[in-house]
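No hydrogens, no waters, no symmetry mates; every other heavy atom, side chains included, goes into these values. All values derive from a computational prediction rather than experimental measurement. In what follows, chains carry the letters A, B, and so on, assigned in the order in which the sequence lines appear, proteins first and then strands, with residues in each chain numbered from 1.
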Amino acid sequence: MGENHFSRELRLLTPTHFEYVFSNAIPSVSPQLTLLARKNDKLAPRLGITISKKRVKRAHDRNRLKRIIRESFRLQRQVLPNVDIVVVGKSGLDKLSNQELFSLLNKLWKKLSQRCA
RNA sequence: GGAGUUGGCCAGGCAAUCGUCGCUUAUCGGGCAUUCGUGUGUUGAUAAGGGGAGGAAAGUCCGGGCUCCAUAGGGCAGGGUGCCAGGUAAUGCCUGGGCGGCGAGAGCCGACGACAAGUGCAGCAGAGAGCAGACCGCCUGUUGGUUAUUCGUAACCAAUCGGUAAGGGUGAAAGGGUGCGGUAAGAGCGCACCGCGCAGCUGGCAACAGUUUGUGGCAAGGUAAACUCCACCCGGAGCAAGACCAAAUAGGAUCCCGUAUGGCGUGGCCCACGUUGGGAUCGGGUGUGUUGCUUGAGCCAGUGAGUGAUUGCUGGCCUAGAUGAAUGAUUGCCCAAGACAGAACCCGGCUUAUCGGCCAACUCCGACU
RNA sequence: GCGGACGUCGUAUAGUGGUAAUACCUUAGCCUUCCAAGCUAAAGCUGCGAGUUCGAUUCUCGCCGUCCGCU
């Protein structure tokens, strides 16, 4: 297995996982995105994404945003501590270009790893 | 060459690196089940191979398949469709035809049955709006007045009893059109032509068309996306349907109602059919399990039938199946510079969004031969 | 994914084919020393696009938006 893989162990899969994060989270906020994190007992960080239909209307855009968030997480995974992260999309998220979203996420990952360290 | 109409097709490409979801094969390791054992099944990791969104995947507006309720049966209610014929699993779709409208043409558009069955509706304006109606006007008569007079009356004015649908005016709409006759003035009152209805005949499966036929006699005004009538169609719910596994809408406790001409069984009511209690609360326990899930009214090619939609036969092909949900990111090159946009049970249509490009057939205009 | 309901002044609601109504709000005036209350007046709406009709908020169709229910 390569170093930058992204398999099912690295995702939040069930509502109980999400509840765990929401109940006691360390935030990292920007106008378009909110990141919530909480330390887990695993050996790697895990990612969950919520973007509601109300915030981003088109399925096509929701898929695009989720792909880019996953891709960014995959590339920055080695830098992150062992935490569960939930990415919450907000209104206006679909206005960002791919480049803008990547740089925004990089900032937020760094902020999170500082706070959780 | 320009302008246009119709039908069909494509939906950026290539390379490198990293990554994602199924499938197949191989290797490795562990657990479980089974076996005396080899082994087999299941599961995990790695590697390789091959596959992985659309023409609209969208809206959910129709029609079906499939599943459960009864094998979905009868009636009422309700809803839908609406020129004719054909196609289809079926349709509100498609094809061909008819009729009407638009266009110079190729072509395009049309909820296009019935108001000479019944009931209703039409504000304001206007005299009158429904087996109509007299405001102005036109005309006969009567009465009164004035003028003229051949003393019989005549003309004009006013009032009034009537007649009249030609003209004016109102309105979205005022009960055929033109001409001649006719009349006090008029009028389908009569006649001619045109238009219209009904019947016959001819052509056509039919819608409908034609008619040098007969007849009516000018009505039967408009409106059915008003009720309604006529013809045809429709049982309800939806994969969060449903099925399987485990104790699993279970089993248990308490209370209330009911005890059969009753209750329940899925979505209006009655019948019929099936079944035999129903409801509330408490307590306990528990899945984001497996399946349904992709081979299908499937696609491609050839050929036969048909004007066509479509369909018969033969051969070939397998082309997403996720379940917090997969096609992406970065870089480089090329060009016509990339729009709208992401499957969630599956098909057939319709509608809506959409950068551009290609092909075929046809129409009109111009030039040349 | 499936099913259902609703769009009328800034807000909450009426309106069954003929000039779109009511209350609060807003603005102006009167009243008051001033404010509030009260009185008077004004302004401001049928989600969008087609169709039927003489005429559409109303009837029909298509879009757009909002809300609700079903693991």
*Give A:R58 one of three labels, base, sugar-phosphate or nothing, depending on what nucleic acid heavy atoms sit under 4.0 Å from its own.*
sugar-phosphate
*Rounded to whole angstrom, note down the P distance from B:C18 over to B:A58.*
36 Å
*Rounded to the Å, how far apart are A:I51 CD1 and B:G342 C1'?*
14 Å
*Pairing partner of B:G30 (Watson-Crick or G-U wobble, both distances under 3.5 Å)*: B:U43
*Is the base of B:U275 syn or anti, where syn means the angle lies within 90° of 0?*
anti
_Spacing of A:L65 atom CG relative to B:U327 atom P, expressed in whole Å_ = 14 Å
*asked:* Measuring only the P atom in each nucleotide, how far is B:G118 from C:C2? A whole number of Å is fine.
replied: 49 Å
*Under a 3.5 Å cut-off for both distances, is B:C18 Watson-Crick or wobble paired, and to whom?*
B:G328
*Separation of the P atoms in B:U42 and B:A57, to the nearest angstrom*: 38 Å
*Tell me what A:N98 touches on the nucleic acid: a base, only sugar-phosphate, or nothing, going by heavy atoms under 4.0 Å.*
sugar-phosphate
_Side-chain (A:S72) to main-chain (A:I68) donor-acceptor, under 3.5 angstrom_ = no
*Verify the distance criterion only: is there a donor paired with an acceptor across the side chains of A:R64 and A:N98 at less than 3.5 Å?*
yes
*Between A:D61 and A:K66, which has a closest nucleotide on RNA chain B that is more 5'?*
A:K66
*Starting at atom CZ of A:R77, determine the distance to atom C1' of B:C18, rounded to an integer number of angstrom.*
13 Å
_Looking at B:G130, which nucleotide sits across from it as a Watson-Crick or G-U wobble partner, both distances under 3.5 angstrom, or is there none?_
none
*5'-most contact on RNA chain B: A:H60 or A:F102, nearest heavy atom basis?*
A:F102
*asked:* Is there a side-chain contact between A:Q99 and the phosphate of B:A329, meaning an N or O under 4.0 Å from OP1 or OP2?
replied: no
*Check the chi torsion on B:A53 and let me know: syn if it falls within 90° of 0, anti if not.*
syn
*Checking A:R62 side chain against A:I51 main chain: does a donor-acceptor pair fall under 3.5 Å?*
no
*Which atom names give the shortest non-hydrogen contact between A:R46 and A:F73, and what distance separates them?*
C-CZ, 4.1 Å
*Go ahead and name the base partner of B:G190; Watson-Crick or wobble counts if both distances stay under 3.5 Å, otherwise write none.*
B:C180
*Sticking with atom C1', work out how far B:G321 lies from B:G64, rounded to a whole angstrom.*
23 Å
*Are any side-chain N or O atoms of A:Q114 and backbone N or O atoms of A:K111, one a donor and one an acceptor, separated by less than 3.5 Å?*
no
*What's the CG-P distance between A:L105 and B:G328, to the nearest Å?*
19 Å
*Which nucleotide, in any strand shown, forms a Watson-Crick or G-U wobble pair with B:C239, with both distances under 3.5 Å?*
none
_Torsion-based syn/anti label for B:G22, 90° from 0 as limit_ = syn
*Where the side chain of A:R70 is defined as all heavy atoms beyond and including C-beta, which of B:G19, B:A325, B:G342 is the nearest nucleotide?*
B:A325
*Between A:D84 and A:R38, is the closest basic N to carboxylate O distance under 4.0 Å?*
no
*asked:* Give me the distance, rounded to whole Å, that separates B:G79 from B:G324 when you measure between the P atoms they each carry.
replied: 45 Å
*For nucleotides B:U331 and B:C347, find the distance between their C1' atoms and express it as a whole number of Å.*
43 Å
*Which is it for A:I85 and A:L80 under the side chain to side chain contact (heavy atoms under 4.5 Å, CB included) test, yes or no, and what are the steps along the way?*
CA-CA 10 Å; A:I85 300 171; A:L80 293 169; 4.2 Å; yes
*To the nearest Å, give me how far apart CD (A:E71) and P (B:G328) are.*
11 Å
*Taking O4'-C1'-N9-C4 for purines and O4'-C1'-N1-C2 for pyrimidines, is B:G13 syn (within 90° of 0) or anti?*
anti
*Identify which nucleotide among B:U327, B:C18, B:A341 has an atom closest to any side-chain atom of A:R74, counting heavy atoms from C-beta outward.*
B:C18
*Mind checking the CG-CG spacing from A:L96 to A:L65? Nearest 0.5 Å is all I need.*
8.0 Å
_So A:T50, base contact, sugar-phosphate only, or nothing? Heavy-atom distance under 4.0 Å._
base
*Tell which nucleotide pairs with B:A3, taking only Watson-Crick or G-U wobble pairs whose two distances are both under 3.5 angstrom.*
B:U363
*Complementary nucleotide for B:C358 - Watson-Crick or wobble, under 3.5 Å*: B:G8
*Can you tell me how far C1' in B:G308 sits from the matching atom in B:A85, rounded to whole Å?*
13 Å
_Checking base pairs now: Watson-Crick or wobble, both atom distances under 3.5 Å. What partners B:A173?_
none
*What integer number of Å spans the C1' atoms of B:C194 and B:C218?*
14 Å
*Where does B:U294 fall, syn or anti, if syn means a chi angle no more than 90° from 0?*
syn
*To the nearest Å, give me how far apart CZ (A:R67) and C1' (B:A322) are.*
13 Å
*Nearest whole angstrom, please: distance from the P of B:U330 to the CD of A:Q76.*
14 Å
*Rounded to whole angstrom units, what separation is found between the CZ atom of A:R62 and the C1' atom of B:G342?*
10 Å
